[in-house]
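Since the structure comes first, as structure tokens, the remarks are kept for the end.
Just so it is clear: chains get the letters A, B, ... in the order the sequence lines come, proteins before strands, and each one is counted from 1. In this text, all values refer to a predicted model and were calculated from it rather than measured experimentally.
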Amino acid sequence: MKRKAEINRRSFLRTTGIGLLGLPLLANTYTNVAPSDRIRVAHVGTGTMGGSHIDWFSAFPDVETVALCDVDKLRLAEARKSLTSCNPAANPDVYTDFRHIIDRNDIDVVTCATPDHWHALIAIMAFESGKDVYGEKPLSFSAKEGLVMKNALDRHDRIFQLGTQIHASDNYHRVAEIIQSGVLGKIHTVRLWKTGGTSGMGFPPNETPPETLDWNMWLGPAPYAEYTLVRCHGTYRSFFDYSGGVFADFWCHIADIMYMSVHPKGLTSIDARGEVPCDGIANTPKWIDVDFRFKDLDVYWTTTPPNVPGADKMHIGAHFEGEKGTLTCDYETRKITLGNESMDDISEVPQIIPRSPGHQRNFLDAVKSRNQPESNLEYAREMTLPMHLALISFRLKRKLTWDSINEKFINDPAANFLLSREYRSPWLLPVY
Amino acid sequence: MKKILILIAILGIILSGCSPNNESFTSLFNGKDLANWEMPGEIPGFKVSGGIIIAEPPDGSDLFTERQYGNFIFKFEYLLSKVGNSGVLIRCNPEDPWGTGVEVQLLAPWTPYRDDLHCTGSIYGHVAVTNRPDETTGIWHKMEIKCDRKNMTISVDGQVTTVANIDTVESMKDKHLEGTIGFQSNHSEKGEFVHFRNISIRDMDANPEYVMKGFYEGAVRVRKQAHKAAETMGTPMIELLAQMLAEENPVTQAGAKQVLFDITAQSTASEVPKSKKKDVIKALKKSLKNCSSERVSGYLSWLLKMAKSSV
């Protein structure tokens, strides 16, 4: 299948408006999908999360896994082996440099499960080469990158889904329905939490990177650092050079239900407190508490569960406080309190929000229909922004005020400086 | 002429070499009032009269420094009445002085408790004196208490009476490494008293070289204390931190990286005067000039950009 022909087919579907109508038909013919209807997928980053991407996407009959890429040759070989053992027909090309995937014109979709500091550039380069992206959370390493991603997506007319797979759950959709129905009254406060934080990781000496790992490529746009195992796979989120700790890992998952339900707007101030570990080379929060002031909504993030019934048993959760009642939820459960009554559901609230067919399917459908999926880039960007701002407040150890129209801190040039990061040569964040 | 200049320079070096101890002690008592001190509680336990701090009323409130101290040498003179009883509260939270800190005893010898674990110079109930001091009442004695990270040394009239390492004293393991310093009010009967004068302190956490050594310590809480002291000191630490960052020691690298960030970040706040911001920029520039490692220069240039953004 030639890329150009594929685009033309999609343009045709979009302009004639039969894209969506075609979907049920496709759904029934999964077992025998014509090559022209197949979505050709490449996966960048084949670690634990990337492995899930490969499993999830390759299970769809209309997906063909055409390429795998990882800077670690061992992981790459394992991922290929795992795929071909389940799916003997698969014959993906393997690369250690994602630019080979970008350069190919027979690939429709790139999924990205690299460390955070690579998310933006890989997505932007994929957009520029006409590919759609399913990208892992958090959306980007810096706030600025999120904006550039959005502009690149618009310019190149691409589809993006953030890999917050919990978004697709029935529980999240039902929570949003209950809150939006107004049965709890106007929501004035939201409490979000995730227990646990970065541990120090000790003081391992610097080492020579394994020959099977392209460490320089792993670092990419991040500042140069000597290799130690804990900086790399699995634990890189403990370092501000690549991510923002447990907070950055889980913010998107639980802030998601807040954005689905009340979509806060007009952020004016961010006040973070916390501590970095002192017992190792890791430097992201050991704990972090943040107070956010949105227009008509106070949001509190804590590292320990808030003092509300049931929260102490939940390692992650969201608690909504409305004028008439409260709702506490995590990924799978919800508890509503109205007056003295406590319940799991309110049957009078009608089911009006369409359910997701699954997060990856929702994305693949969007690739075909050219209508953005649920966790599209602008939604993901708005949801991720407060996380970036909180980490800046944490690092500067001061309360920050925010101009949500111009997306700049007020009267704090250093905080604004931290909204972006200059890439290490030869990498450059494109200008849009 | 040249010889005279050299002579003056040598003389200057000798003189300054002789006097750093005196120079670096700060008086904590002005002879007139209790500025720099706090007396929480309803009955004041202390007053100033004739250039002396006097503790007379029994059950009066204790007297605490306004500031907290971590590592220091605290010097003062005391005079106890016939059966006087007082003490010095070290590294304590005034709300729970004996729970958070320790008391160095000041006690007339003929009170009921007079063993080596409870006499003047002992760390009351924790560490006994090994060299019992002169306990004559009614005359002035000098006491010096040195807190050097996990070590405490107490001297009376120029003789060391007590040494302690908190790792070897089970009951002191959870004591704070930082807090206020306090004098206990008259702990004896009505009519007894204790007098204090010539109170001064040398804050070792204001000495960059001393603080730098803390970055190499094995214990997390000692390193944390050094990091905090370095952050508080700010600009004078920058060059030393840049040197530590260049070393192949992951412990000091991590500490120096964090504190360099914290010092720079602190200088970028809007309320910091421009002159202070410029001092930080100058120190970062100087460190950058002396740096040969790519890793370190990359980091320092980044911090320099952040510092400059706020000027």
Test side-chain contact (heavy atoms from CB on, under 4.5 Å) on B:Gln253 and A:Glu226; report intermediate values, then the result. CA-CA 12 Å; B:Gln253 257 183 29; A:Glu226 278 157 84; 5.5 Å; no
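Side chains of B:Glu231 and A:Lys397 form a contact here, defined as non-hydrogen atoms less than 4.5 Å apart. Contact of the B:Glu248 side chain with the A:Asn206 side chain is registered, since non-hydrogen atoms from C-beta on lie closer than 4.5 Å.
Around the CG atom of B:Asp96, the shell of radius 6.0 Å holds more than 12 heavy atoms that belong to other residues, nucleotides or ligands. For A:Lys295, the NZ atom sits in a loose shell: 12 or fewer heavy atoms of surrounding residues, nucleotides or ligands are nearer than 6.0 Å. By the 6.0 Å contact criterion, CD on A:Glu422 is open, its count of non-hydrogen atoms from other residues, nucleotides or ligands being 12 or less.
Of the atoms belonging to B:Lys308, not a single heavy atom falls under 4.5 Å from chain A. Only the side chain of B:Phe261 comes within less than 4.5 Å of a heavy atom in chain A; its backbone stays farther off. Looking at B:Asn249, neither its backbone nor its side chain comes within 4.5 Å of chain A, counting heavy atoms on both sides. In this structure, the portions of B:Ala269 lying under 4.5 Å from any heavy atom of chain A include both its backbone and its side chain. For A:Pro204, the part sitting under 4.5 Å from any heavy atom of chain B is the backbone (N, CA, C, O) and nothing else. In this structure, chain B has no heavy atom under 4.5 Å from any part of A:Arg424.
Nearest approach of A:Pro413 to B:Ser309, heavy atoms of both residues: CB-O, 3.1 Å. Closest non-hydrogen pair, B:Ala254 versus A:Phe203, comes out as CB-CE2, 4.1 Å. Contact between B:Ala265 and A:Leu396 at its shortest, heavy atoms only, is CB-CD2, 3.5 Å. Shown here for B:Pro250 and A:Pro205, the closest heavy-atom pair between the two residues is CG-CA, 4.4 Å.
When each of A:Gly200, A:Cys278, A:Ala414 is checked for heavy-atom pairs under 4.5 Å with chain B, A:Cys278 comes out on top. Ranked by heavy-atom pairs shorter than 4.5 Å toward chain A, the options B:Asp262, B:Val251, B:Val220 are led by B:Val251. Of all the listed residues (B:Gln258, B:Arg295, B:Gln266), the one sharing the greatest number of non-hydrogen pairs under 4.5 Å with chain A is B:Gln258.
The residues A:Arg398 and B:Glu271 are annotated as not salt-bridged, no charged nitrogen and carboxylate oxygen being separated by less than 4.0 angstrom.
In this structure, CZ on A:Arg395 lies 7.5 Å from CE on B:Met306, to the nearest 0.5 angstrom.
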